[in-house]
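Have a look at the structure below before the remarks.
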Amino acid sequence: MTGRHEDFNTLRLDGLTRSFGGHTALHGLDLQIQRGEFIALLGPSGCGKSTALNCIAGLLPLTAGRIMLDDHPVDQLPPEKRGFGMVFQNYALFPHLSVRKNIAFGLQMRKVPRAEIKRRVAEAIELVQLGPHATKLPGQMSGGQQQRVAIARAVVLRPPLVLMDEPLSNLDAKLRLEMRTEIRRLHQSLGLTTIYVTHDQEEALSLADRLVVLRHGEVQQVGTPQELHERPSNAHVADFMGYRNLFDGVVERVEGGEVSVSVLGTTARGVAAGPLGPGDRVQVGIRPEDLTIGDPGAVAALTVDATVDVVEYQGREFAVEAHLRSGEAVHVRTGARPATGEVVRLTAEARRVLVFPPAADTSEPPDRSAETLAAAGVST
Ligand code: ATP
């Protein structure tokens, strides 16, 4: 194939790997992306998100792996031959060119006829709602407006794939929310295939069709926002998805998908997030909003008492930090304000209590010694 790739049905990443010296920043990323999908690469700083994006863009050569657009390998092509659109956190606009000229630049480089450039630039300006600013220089506009120019400049080329690396991270909170909606709206109206890098789980959940959670260069889970939010596959993903309460426990019994766990000096019932057996040391994850203050009666799968330490007002709800008798901190979101120093009863339903096997990369072999089980309150 010569020239740029105008379109494709499937982008396939096969075992994408990139090392820097002895350090593997990205390890065997496999993913199939369908045309029109919005994919978020999500994970903490240093997990390999930007490395993955730069490899796909062609800015970094692969150490191993393949990138296929339908049946065509593109990993050996330079960035301009791949023809992907790129939007980064520093907008990198030409400071001496107006908004209109910044957007037109790529089309001029591609020798698109003048009348078509004029029409497409006008469309792109309309799309990102910058009509009144079309003749301004970048320095005369806000960060959000500049980021819109950067987006318009990428999408005006009608790239088969748009790559975005934390495009909103330099904006203040209000603008970030506005631009998030804007990006989603653009994606819906243009149907562009997009890969979006962020460390912000809320941003990823609200924008993406599917999320890829990375840690230490390895994929932890791929799924829809709902799947990841409700069924994180391990404690790392859970931690990232807002399961702020993660407690150590030991499995007592497994019946179907339901597990009884010895945790926090009591027995709780929860849902197994992986294969588990009696005696397994696990982490029990509960989101702050899934803990209820007050005793709902016999249905609770977990009941513990906690002393309230800090109450933060957060609009419609209160974020409460409390401590358990064992000294561990517990986080709760609640509609009614508890008093500092008050002892409250916390309960959760079984389907909201997730029980995670130990993470593969940090786990020691399961310790099922009598001492461990006894320490966790399990009789042997
Ligand atoms: P952030 O959100 O902080 O940008 P990230 O998830 O995008 O992080 P990467 O920038 O992909 O992470 O980096 C992954 C790992 O590879 C890190 O440990 C980083 O230090 C390392 N790394 C990245 N680029 C280079 C480089 N050019 N030379 C050496 N090591 C690098």
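Indexing begins at 1, ligand by ligand and atom by atom, following the structure's order.
Proximity of Gly48 to ligand 1 is established by a heavy-atom distance of less than 4.0 Å.
Under the 4.0 angstrom criterion, atom 20 (O) of ligand 1 counts as lacking any protein heavy-atom contact. The nearest protein heavy atom to atom 14 (C) of ligand 1 is closer than 4.0 Å.
When all heavy atoms of Val128 and Glu182 are compared, the closest pair comes out as O-OE2, 3.5 Å. Across all their heavy atoms, Ala134 and Ile125 have their closest contact at CB-CD1, 3.9 Å. The shortest non-hydrogen separation linking Ala154 to Val87 is CB-CG2, 3.7 Å.
Side-chain atoms of Thr10 never come within 3.5 Å of backbone atoms of Arg12 as a donor-acceptor pair (strictly under, hydrogens ignored). No side-chain donor-acceptor contact under 3.5 Å links Asp290 to the backbone of Ile286. Not one N or O on the side chain of Arg269 forms a donor-acceptor pair closer than 3.5 Å with the backbone of Val353. Under the 3.5 Å distance criterion, the side-chain polar atoms of Arg337 are left unmatched by any main-chain donor or acceptor of Tyr313.
Ligand 1 places these atoms under 4.0 Å from at least one heavy atom of Thr51: 9 (P), 11 (O), 13 (O), 14 (C). Within the listing of ligand 1, atoms 4 (O), 5 (P), 7 (O), 10 (O), 11 (O) sit less than 4.0 angstrom from a heavy atom of Ser50. Remark: ligand 1 atoms within the under-4.0 Å shell around heavy atoms of Pro44 are 6 (O). Heavy-atom proximity to Ala25, at under 4.0 Å, picks out these atoms of ligand 1: 14 (C), 15 (C), 16 (O).
With hydrogens left out, the protein atom closest to atom 3 (O) of ligand 1 is Ser45 OG, 2.6 Å, a heavy atom. The protein heavy-atom contact nearest to atom 31 (C) of ligand 1 is Phe20 CD1, 3.3 Å.
Using cut-offs of 30° and 60° on the angle between ring planes, the pair Tyr196 and Phe38 is tilted.
The closest heavy-atom contact to atom 2 (O) of ligand 1, among the options Lys49, His216, His23, His199, comes from Lys49.
Where the criterion is an N or O separation shorter than 3.5 Å, residue side chain and backbone included, Gly46 meets it with respect to ligand 1.
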